[in-house]
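Computed from a prediction, not measured in an experiment: that's the story for all the values here. As a basis for the values below, the full set of heavy atoms in this structure was taken, side chains included, without hydrogen atoms, waters or symmetry mates.
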Amino acid sequence: MRFVIQRVQHAEVKIDGEVTGSIGKGFLVLIGVAEIDTREIADKMIKKLLGLRIFEDAQGKTNLDLHAVEGELLLVSQFTLYADCKKGNRPSFIKAGNPDIANELYEYIIDRCRESIATVEKGIFGADMKVSLLNDGPFTILLDSEEIC
């Protein structure tokens, strides 16, 4: 599983010109699910995501997590995080999870995050989405379950 986490001042996702998810200060998280991923892996990734201390405290140090700043989440599925570009110029996506399994895990992640974060918005799995954001910093982190689990 891969999360691309962007600290944002605001972000939104649109489908066919209609906003389906919008947040203020918080994280825009692009979520890629691999064939081997499970709920147990998702739980570890969620714990790491929600515990990341990448917001500034009063001294300007990145010591605060999402809860401390009452931050919001925008979670967007993105199978292209598993693009394999080793051969040729056309990416292969064979490492991306089966859409049914990936969608189930994506929805699981959303539900688990909603248990502890007041505002959790989302995109729509498999849709052609337009994502806009104001990256704060910029501050972007890649979490890969193969490295943290």
**Q** Grouping I, L, V, M, F, W and Y whenever their side-chain heavy atoms are under 4.5 Å apart, do Val69 and Leu50 come out in a common cluster?
**A** yes

**Q** Look only at the side chain of Glu72 and the backbone of Gly24, and say whether a donor-acceptor pair between them is shorter than 3.5 Å.
**A**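 Yes.
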
**Q** Please check if atom CG in Asp16 has more than 12 non-hydrogen atoms from other residues, nucleotides or ligands closer than 6.0 Å.
**A** no

**Q** Kindly assign one of parallel, tilted or perpendicular to the pair Phe27 and Phe55, based on the angle between their ring planes and the thresholds 30° and 60°.
**A**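 Judged by the thresholds at 30° and 60°, the geometry between Phe27 and Phe55 is parallel.
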
**Q** Side chains of Phe79 and Val33: does their closest heavy-atom pair fall under 4.5 Å?
**A** no

**Q** Do Leu30 and Gln6 have side chains that get closer than 4.5 Å, going by heavy atoms?
**A** yes

**Q** Taking C-beta and beyond as the side chain, do Glu104 and Arg39 meet within less than 4.5 Å on heavy atoms?
**A** yes

**Q** Treating Ile, Leu, Val, Met, Phe, Trp and Tyr as nodes and any side-chain heavy-atom pair under 4.5 angstrom as an edge, say whether Val8 and Phe139 lie in one connected cluster.
**A** no

**Q** Are Ile31 and Ile141 linked, directly or through intermediate hydrophobic residues, by side-chain heavy-atom contacts shorter than 4.5 Å (ILVMFWY only)?
**A**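 Yes, Ile141 and Ile31 fall within the same hydrophobic cluster.
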
**Q** Looking at CD1 of Ile23 and CD1 of Ile117, how far apart are the two atoms once the value is rounded to the nearest 0.5 Å?
**A** 10.5 Å

**Q** Assess, by modelled atom type and distance only, whether the side chains of Asn135 and Thr140 contain a donor and an acceptor separated by less than 3.5 Å.
**A**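 Judged by distance alone, the side chains do pair up.
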
**Q** If I compare all heavy atoms of Cys113 with all of Leu75, which pair ends up nearest, and what's the gap?
**A** SG-CD1, 4.2 Å

**Q** Which pair of non-hydrogen atoms, one from Gly123 and one from Thr20, has the smallest distance, and what is that distance?
**A** CA-OG1, 4.3 Å

**Q** One thing to verify: whether Glu146 and Arg2 come together as a salt bridge, which I'm taking to mean a side-chain N less than 4.0 angstrom from a carboxylate O.
**A**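 Not counted as a salt bridge, because no side-chain N and carboxylate O are separated by less than 4.0 Å.
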
**Q** If you look at every heavy atom in Asp37 and Gly32, which pair is closest and at what distance?
**A**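 Scanning both residues, the minimum pair turns out to be OD2-O, 4.3 Å.
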
**Q** Between Phe3 and Leu81, is there a side-chain heavy-atom distance shorter than 4.5 Å?
**A** no

**Q** Say whether, by atom type as modelled, one donor and one acceptor occur between the side chain of Arg7 and the main chain of Ile54 under 3.5 angstrom.
**A**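 Answer holds: yes.
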
**Q** What pair of heavy atoms forms the shortest contact from Leu28 to Ala11, and how long is it?
**A** CB-CB, 4.3 Å

**Q** Report the C-alpha distance between Val13 and Leu74 in whole Å, list the side-chain angles of each, state the deciding distance to 0.1 Å, and finish with yes or no for side chain to side chain contact (heavy atoms under 4.5 Å, CB included).
**A** CA-CA 8 Å; Val13 61; Leu74 176 56; 4.1 Å; yes

**Q** Is there a side-chain contact between Lys14 and Ser132, using heavy atoms and a 4.5 Å cut-off?
**A**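 No; the side chains remain at least 4.5 Å from each other.
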
**Q** State the OG1-CZ distance between Thr119 and Arg114, to the nearest 0.5 angstrom.
**A** 10.0 Å

**Q** Which value, rounded to the nearest 0.5 Å, describes the distance between Asp111 atom CG and Lys122 atom NZ?
**A**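 That separation rounds to 8.0 Å.
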
**Q** Quick check: do Val4 and Leu142 have side-chain heavy atoms less than 4.5 Å from each other?
**A**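 In contact.
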
**Q** Grouping I, L, V, M, F, W and Y whenever their side-chain heavy atoms are under 4.5 Å apart, do Val120 and Tyr106 come out in a common cluster?
**A**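 Yes, Val120 and Tyr106 fall within the same hydrophobic cluster.
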
**Q** Do the non-hydrogen side-chain atoms of Thr38 and Met1 ever get within less than 4.5 Å of each other?
**A**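 SC-SC contact between Thr38 and Met1 ruled out.
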
**Q** Taking all non-hydrogen atoms of both residues into account, name the closest pair between Thr80 and Phe93 and its distance.
**A**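 Of all heavy-atom pairs spanning Thr80 and Phe93, the closest is CA-CE2, 3.7 Å.
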
**Q** Once rounded to the nearest 0.5 Å, what's the spacing between atom CD1 of Ile5 and atom NZ of Lys48?
**A** 10.0 Å

**Q** With the 4.5 Å side-chain cut-off for hydrophobic clustering, are Leu133 and Val29 part of the same group?
**A**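 No.
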
**Q** For atom CD of Glu35, is the number of surrounding heavy atoms from other residues, nucleotides or ligands below 6.0 Å larger than 12?
**A**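 Above 12, so yes.
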
**Q** Within the structure provided, determine whether Leu52 and Leu66 are in side-chain contact (heavy-atom separation under 4.5 Å).
**A** no

**Q** Supply the atom-to-atom distance Leu73 CG to Ile109 CD1, rounded to the nearest 0.5 angstrom.
**A** 11.0 Å

**Q** NZ/Lys44 to CD1/Ile148 distance, rounded to the nearest 0.5 angstrom?
**A** 9.0 Å

**Q** Using the side chain to side chain contact (heavy atoms under 4.5 Å, CB included) rule, take Glu18 and Ile15 through it: C-alpha gap first, then chi angles, then the decisive distance, then the call.
**A** CA-CA 5 Å; Glu18 182 177 329; Ile15 300 172; 5.9 Å; no

**Q** Using every non-hydrogen atom in the two residues, find where Ala83 and Pro91 come nearest and quote the distance to one decimal.
**A**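 Heavy atoms of Ala83 and Pro91 come nearest at CB-CB, 3.9 Å.
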
